[in-house]
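Written below as C-alpha cells is the structure these notes are about.
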Number of protein chains: 2
Amino acid sequence: MSDQRRERADATRNRRAILAATEDLLTRHRPEKITMEQIARAAGVGKGTVFHRFGSRGHLLMAVMQERAFALNESILSAPPPLGPGASAHERLYAFLDAVVEIVSRNKGLVAALGAALPSAGRSTTDTHCADLPDRATKSAEPSHAATGEARPVYDVWHSHISALIAEERADLDADLVAHVLLSSLHSDPILRLLENNEGHRLATALRAITTALLAMPAVPPSLA
Amino acid sequence: MSDQRRERADATRNRRAILAATEDLLTRHRPEKITMEQIARAAGVGKGTVFHRFGSRGHLLMAVMQERAFALNESILSAPPPLGPGASAHERLYAFLDAVVEIVSRNKGLVAALGAALPSAGRSTTDTHCADLPDRATKSAEPSHAATGEARPVYDVWHSHISALIAEERADLDADLVAHVLLSSLHSDPILRLLENNEGHRLATALRAITTALLAMPAVPPSLA
DNA sequence: CATGCTACTGGACTCCGAGTCCAGTTGTCC
DNA sequence: GGACAACTGGACTCGGAGTCCAGTAGCATG
C-alpha cells in the first residue's frame, strides 16, 4: 500500500540526468546564460520534464545547491570534532566558516545564479508556486537527497548553525543578525569576483578575524537602541 | 565652443521625468515587477527614450540609486565632523555605517532590484553595453547629478570610504575585504527582509558591534595563509 | 501474460519583457 | 530662418520562462 507510491524508475533516472546535466553545464558556462532548454537538451529530456520535476529555474538551482552542500550539512551534525559536535563553539565556528568558504569557492557561479534566480522567497504577490505544484513540492521520495522542500534549506541550515554557535559563546550579541552578516558576504558580487580570482583565503581570513574579534570582544554593548 | 554640446532642454526634462517616475513607481510596487514600459508610460515618454537616456534597466536603476545617495556621498567629503572629515576614524565609521543603514532602509526595494539587475559588471562575454553606447555612457551633462558613469559608483564610493577608515586604524587588517563584508550585508536578502520589518536598528547595532570588536581587537593575526 | 490506471514525458505554444530601429520632430547654433 | 544633429516614440525583434496536453510506458494486480 503506502499512501505515497514509489517514484517511477524513469522519473528517477531523468531527475538524476537533469541534476547531472545542470552541474555539468555549470562548470562550463556562466550560470545566468544557461537556459532551461539547454539543460533539458543536455539531459536528453524535454523541457516539460524539467519543469515537471523542479517547478522552476530557481528550484532546480536550489536542488543542485542542496546536493552540493549535502556533505557539509551532514558533517555539522555528525563528524569528528572540529566541524562536528564536540569541540568548543569557536573552534567549530572557525572550522565551519572555512568549510563554507571552501564550498562557496567551488560553486561561485551557482551561488551567484541562485541569488538572482529566487525572486524574494516569501512574497504574497502571485507567488504561484508551492500553491499549484503541491505534488512536486511534497516529492522527497528518494532517500539519498533528503529534499526538505524548504524555501532556502541550505542557507537556513548554515545560518542557524552559525547563529547557535555565536549565541552559545556570547549571549549578549544579536547572534541571529551577526550570522546573517557573516553569511551575506558569500553572496556579495565583489567578493564572488574575488573568489573567482582564487583569493578565497583572504575571505576566510577576514571572516576569522571578525569572528575572533567578536568572541573576544571586551565590553557588552548593553543595547543602545 | 565646448567640444560637448549642452544637453537639449527637452532631453533634460524627459530625463528628470523618467527618474521621477521611476522613484515614484518604486515606492508603490515591487521593483522586480516594474517594467521599462511602465516607467516610460508613467513618465509620459516612449520606451525608446528611456533606453536612449539610460541604456538599460540596470543603468536606470543605478542612476536612481546614485541620486538617492548623492547627499550622503557629499557629506563624506565635506560635512560637520562625525560624518565628514575631522573626527577620528572610528567615529566616522560609526556615523557612516549608521547613515548607510538608514539610506538602505529607505530604499530596500531599489537596492534589491539593483542587485538583481546588474548581470555581473565586469564580464567579458558579450558585455554589449559601454561598448556600443559610448555617447550615453559619457553623458554627465547636468551639473546637478555629477554622473560619474562608473560601473557601480555608489558601492565603490562607500567601499573605499569604509576601507580607508579601517585601514587608518588597523593596518594589520585586510581592510578592503572587511569593508566588502560589512557592505555585503546590505544586499543580503534575509537582511533586506528584516529592514522591511523596521528592524534597521538591529542591523546598525550589529555592524557597530562588529566594527568595535575589530578595531579593539587585541592581537594582530600575522598572516596564517 | 494481459490489462488498466496514472504518473511521467516532450516539444510545440503562449506570454511577456528587454532592448532595437528608424522615420519623424524639434531644439540650437550661426 | 535654415541646417544640422540630437532627441523622440512606438512598432518590432528576440529570446527565455513557464504551460499544455496528447502520447507513452512504468507498475500493480488478476
Side-chain angles (χ1 to χ4, degrees), chain A residues 1-18 29-61 113 116-119 126-136 138-139 141, chain B residues 1-18 29-61 113 116-119 126-136 138-139 141:
Chain A
M1 294 210 64
S2 77
D3 51 0
Q4 195 70 43
R5 220 119 125 181
R6 251 190 52 245
E7 182 182 51
R8 257 167 57 172
D10 55 344
T12 306
R13 198 180 342 109
N14 282 342
R15 188 160 45 67
R16 292 237 176 82
I18 292 167
H29 302 289
R30 295 253 85 210
E32 70 266 23
K33 310 208 72 190
I34 299 176
T35 74
M36 295 302 266
E37 196 135 3
Q38 266 174 60
I39 292 174
R41 224 177 309 123
V45 304
K47 206 177 166 188
T49 304
V50 178
F51 278 95
H52 182 66
R53 301 321 309 248
F54 295 97
S56 78
R57 181 191 173 78
H59 289 267
L60 168 55
L61 256 12
L118 307 177
T126 26
D127 200 339
T128 8
H129 285 303
C130 304
D132 28 337
L133 304 177
D135 44 331
R136 284 156 228 170
T138 332
K139 197 89 288 174
Chain B
M1 39 172 330
S2 76
D3 51 0
Q4 196 69 44
R5 222 123 122 178
R6 250 190 50 244
E7 181 182 53
R8 258 167 59 171
D10 54 345
T12 306
R13 198 180 341 110
N14 282 342
R15 186 159 47 67
R16 293 237 177 82
I18 293 166
H29 303 289
R30 295 253 87 209
E32 69 266 22
K33 311 208 71 190
I34 299 176
T35 75
M36 294 302 266
E37 197 136 4
Q38 267 175 60
I39 292 174
R41 224 177 308 122
V45 305
K47 207 176 165 188
T49 305
V50 178
F51 279 95
H52 182 67
R53 302 320 311 244
F54 294 97
S56 77
R57 180 191 172 79
H59 289 267
L60 169 56
L61 256 12
L118 306 176
T126 26
D127 199 339
T128 10
H129 284 303
C130 304
D132 26 337
L133 304 177
D135 45 330
R136 283 156 230 169
T138 331
K139 197 88 290 174

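Lettering of chains follows the sequences in order, A, B, ..., and the numbering in each one begins at 1.
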Inset, instruction - Starting from the 5' end of DNA chain C, give me the residue, B/K47 or A/E37, whose nearest nucleotide shows up first. - result: A/E37

Inset, instruction - Please tell me if the side chains of A/I18 and A/R53 come closer than 4.5 Å, counting only heavy atoms from C-beta onward. - result: yes

Inset, instruction - Mind listing the closest non-hydrogen atom pair of B/Q38 and B/K33 along with its distance? - result: NE2-O, 3.3 Å

Inset, instruction - Using atom NE2 of B/H52 as one end and atom P of D/dG10 as the other, report the distance to the nearest whole Å. - result: 16 Å

Inset, instruction - Starting from P on C/dA18, measure out to NE2 on B/H59 and report it in whole angstrom. - result: 14 Å

Inset, instruction - Could you check if a side-chain atom of B/M36 sits within less than 4.5 angstrom of a side-chain atom of B/L60, using non-hydrogen atoms only? - result: yes

Inset, instruction - Identify which nucleotide among C/dT9, D/dT8, D/dA17 has an atom closest to any side-chain atom of A/T35, counting heavy atoms from C-beta outward. - result: D/dA17

Inset, instruction - Let me know the distance between CZ of A/R13 and C1' of D/dT24, rounded to the nearest Å. - result: 13 Å

Inset, instruction - Looking at every strand, decide which applies to A/R8 at a 4.0 Å heavy-atom threshold: base, sugar-phosphate, or nothing. - result: base

Legend entry - Interatomic distance where CG belongs to B/N14 and C1' belongs to D/dG10 [whole Å]: 14 Å

Inset, instruction - Nearest-nucleotide wise, let me know which of B/Q38 and B/A9 is further upstream toward the 5' end of DNA chain C. - result: B/Q38

Legend entry - Whole angstrom value for the distance that separates P of D/dG9 from CE of B/M36: 15 Å

Legend entry - Minimum-distance nucleotide (side-chain atoms of A/R57 versus D/dA17, C/dC8, D/dT8): D/dA17

Legend entry - For B/H29 against B/I34, the heavy-atom pair lying closest together: CB-CG1, 4.0 Å

Legend entry - Euclidean distance, atom CD1 of residue A/I18 to atom P of C/dG11 [Å, nearest integer]: 13 Å

Inset, instruction - Find the distance B/R41:CZ to C/dA18:P and express it as a whole number of Å. - result: 12 Å

Legend entry - Between C/dG19 (C1') and B/L60 (CG): distance, integer Å: 13 Å

Legend entry - Contact summary for A/R15 and A/F54, nearest pair of heavy atoms: CG-CZ, 3.6 Å

Inset, instruction - Answer with base, sugar-phosphate or nothing: what part of the nucleic acid does A/T49 contact at a heavy-atom distance below 4.0 Å? - result: base

